[in-house]
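Naming convention: chains lettered A, B, ... in sequence-line order (proteins, then strands); numbering from 1 in each chain. Given the structure is predicted, the values throughout are model-derived calculations rather than measurements.
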Amino acid sequence: MNRSLLLGLLAFASTVRLAAQNPTEILAKAEKTAIGTSSYSELSMKATRARYTRMLDLKSWTHTNKYALIVVTGPERDRGTRYLRADKQMYSFVPRTGKVVKLPQSMLMAGGFMGTDASMDNLLGQASLAKDFTHQYLGTETVNGLPCHKIKCKPKPGVPVAADEVVAWVHTGDKGWVRLSFQSTRSGELQRMDALEFGRMDGVQMPVKLQFSTQGGKQTTLMTVKTWKKQPQLNAAWFTPERLEQTQP
Amino acid sequence: MVHPRALGANPAVTAARLAVRLAWRNLGRNRRRSLITGAAIAFALFFAVILRSLQLGVYNHMVATVVGSMSGYVQVSDTAYWPSQNLDYALYEDPAWLEELRADGDVASAYPRLQGFSLVTLGEKSGVAQWIGISPEEAEAPLWRARLASGSWNAAPGSVWLGKRLAQQLHAAVGDTVVAMGQGFQGSMAGASWVVAGTLNMGNPELEKRSAVVGLADAQEFAGAYGMWSYVQVTPRRTELNHDPTTDLGAQHPLSGAQFLGWQTRMPELIQAIQADSSGGRVILFILYVVIGFGLLGTMIMLANERRREFAMQLAMGMRRGLLAGIVFVEVLILSLTGAAVGAALGRVAVLILDRFPLRLQGDVAAAMEQQGWEPILPPSLDGSITVTHAGIIVVIALLAAAWPLRTVFKTSPIQR
């Protein structure tokens with residue numbers, strides 16, 4: 001009896017040590033679907049503020065984490081607003097101006113996406129935690145009721161991210177990331193993403209309800225994935241400013 | 001000399017009258033001494049008034065430049081608007097209330113504005129700008145008229161006036177169309193294309209780099225904040241530093257959900273800079289007063305020593321020491337009041353002349369000030385309380401210096417010498 005407990009403990013310790021050696025692998029596995037699969041999705045967002053709540057409906061096409069096209073389908077006043085990211089180029093189309101506008105790359109790092117707590121790069125493709133960061137394994141922790149590996153990620157030099165540090169909690173099983181905390185050495189936590197609900201879309205396991213919080217949790221935005229489909233035919237050449245102009249909501 | 005009691009009058013009044021008459025005669029007895037003492041007081045006050053008026057005047061000039069034209073002496077805004085200045089915390093328009101505020105005798109002008117930040121792009125160039133929606137009445141004001149660097153204020157709706165440096169950055173010329181986009185009211189999308197109708201000298205390089213002025217209605221449409229104001233910029237009639245009408249205005253013209261904030265509250269760093277600099281000025285005034293004070297004391301000691309024999313003689317003849325001391329005191333009082341009156345008058349005239357023809361800085365300093373957006377002049381403050389305060393201080397110093405001759409009166413022995 002005693003012996004089996006000891007064995008069990010040993011076995012547990014060895015898995016931890018095993019994992020501890022591969023935080024990069026853990027992250028690469030967690031990101032595999034998001035970065036590796038081109039997709040089409042329909043999303044709805046709900047931003048909660050002290051004085052109002054704001055609903056936003058989006059259609060989104062993505063290819064790796066460097067190409068994305070987002071079209072706003074609601075509310076009516078913002079319908080037709082579009083964003084395109086093609087690697088380092090960003091463009092926007094505002095229907096009322098009828099013009100495609102090139103956005104400075106710094107927009108990717110700055111501010112919220114259309115008045116929500118999600119950032120531009122959350123939606124238009126954020127840097128790869130596995131490839132663009134260095135990692136430090138911090139053990140396991142239970143987050144949102146799920147056992148997770150806690151990994152501290154520091155951006156490699158030259159990677160355009162606003163955060164000085166990202167702490168990732170990745171499910172010990174196959175659910176992927178459960179919480180990401182984007183932190184700044186100067187002002188603490190900038191943003192937090194929580195995967196609240198997981199589901200299976202087009203045969204792929206993924207978070208279907210996500211919460212973005214800023215200002216220490218005083219402001220939150222809930223994002224629901226309504227539809228998600230694999231789009232293997234998408235490639236980098238598909239994401240052009242002309243596509244931005246033509247794609248209707 | 002009539003014996004006081006012979007007239008049956010109040011002996012105290014009679015004594016006082018006697019003291020004044022004798023003091024006046026004593027002043028006339030050594031005119032040069034009286035003149036020197038009076039002139040010392042007059043000049044001290046003259047310089048103190050000029051020094052302080054210029055210093056406080058420069059603060060007023062600074063505040064007028066930094067606050068008066070842009071964010072306003074007083075802002076009426078939603079209680080949550082400051083300090084984030086978030087567009088989401090806008091006020092509902094209330095034209096009736098605005099009319100009532102404008103009718104107030106203490107209010108020189110009140111203009112509603114809507115403002116926020118957006119990206120402004122022209123072709124491949126872009127810049128982040130603070131867009132300010134100003135009402136047609138405000139655009140009519142001479143201040144904005146004077147700011148126009150190129151183009152015209154007469155333009156159709158959908159026009160934008162860019163800060164000079166922002167226009168340079170975008171390579172925008174009058175007639176070009178810029179696209180502005182950003183976050184609008186309560187998370188909505190703000191987007192519009194505006195025709196550049198002019199460029200503006202904002203008087204401050206930072207403002208020139210990031211200002212885009214549009215009509216209020218265009219701004220409301222752009223941001224989706226229909227019928228809303230970010231704040232109302234209020235300029236009171238009196239703008240002296242020590243006169244803050246914010247509380248009074250707020251009490252007289254309440255607007256639900258809004259608060260009145262003076263620049264002192266919104267920009268504590270400015271008032272702190274002024275206070276720090278002002279205390280430096282006070283130190284200089286203190287040194288001036290110490291120098292003048294010792295000068296006066298020297299004159300007083302001289303006066304006392306010169307008149308020692310006179311005092312001894314009078315005491316020997318039976319003059320009461322109290323009356324003698326009273327006479328000396330009245331002498332100093334007359335001298336200091338006259339000196340102060342002359343000094344105040346001269347100081348006032350000088351201040352008025354400086355106001356009419358302000359000192360103008362030259363060379364590098366002037367260029368640096370102009371870069372910062374200030375007209376390089378040193379205008380004096382016309383606040384009358386400066387003269388009154390410093391006249392009071394100088395009279396008190398003179399009276400303190402008079403302690404020495406008074407002491408002499410009480411120490412002089414009638415039988416020596």
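For K102(A), the parts lying under 4.5 angstrom from a heavy atom of chain B are both the backbone and the side chain. With a threshold of 4.5 angstrom between heavy atoms, R77(A) approaches chain B through side-chain atoms but not through N, CA, C or O. When heavy atoms are compared at a cutoff of 4.5 Å, F185(B) does not approach chain A at all. For chain A, the nearby parts of Q186(B) are the backbone and the side chain; heavy atoms of each come within less than 4.5 Å. Only the side chain of T121(B) comes within contact range of chain A, with heavy atoms under 4.5 Å apart.
Ion pairing between a basic and an acidic side chain is recognised when a charged N comes within 4.0 Å of a carboxylate O; D88(B) and R54(A) show no such pairing.
Of the residues considered (V94(A), D78(A), L56(A), T81(A)), D78(A) shows the highest number of contacts with chain B, using heavy-atom pairs under 4.5 Å. Contact tally against chain A (heavy-atom pairs below 4.5 Å) for V128(B), L122(B), V179(B): the top residue is V179(B).
Nearest heavy atoms, L119(B) versus P104(A): CD2-CD, 3.7 Å. Closest of all the heavy-atom pairs between S92(A) and M181(B) is OG-CE, 3.2 Å.
Heavy atoms of other residues, nucleotides or ligands lying less than 6.0 angstrom from NZ of K156(A) number more than 12. Atom NZ of K131(A) is surrounded by 12 or fewer heavy atoms from other residues, nucleotides or ligands within 6.0 Å. For Y92(B), the OH atom is loosely surrounded, since the number of other residues' heavy atoms within 6.0 Å does not exceed 12. The environment of CZ in R186(A) is sparse: at most 12 heavy-atom neighbours from other residues, nucleotides or ligands sit within 6.0 Å.
Counting heavy atoms from C-beta on, the side chains of L103(A) and S126(B) never come closer than 4.5 Å.
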Determine whether R51(A) and D78(B) satisfy the following criterion, side-chain contact (heavy atoms from CB on, under 4.5 Å), listing intermediate values before the conclusion.
CA-CA 12 Å; R51(A) 297 203 179 180; D78(B) 187 287; 2.7 Å; yes

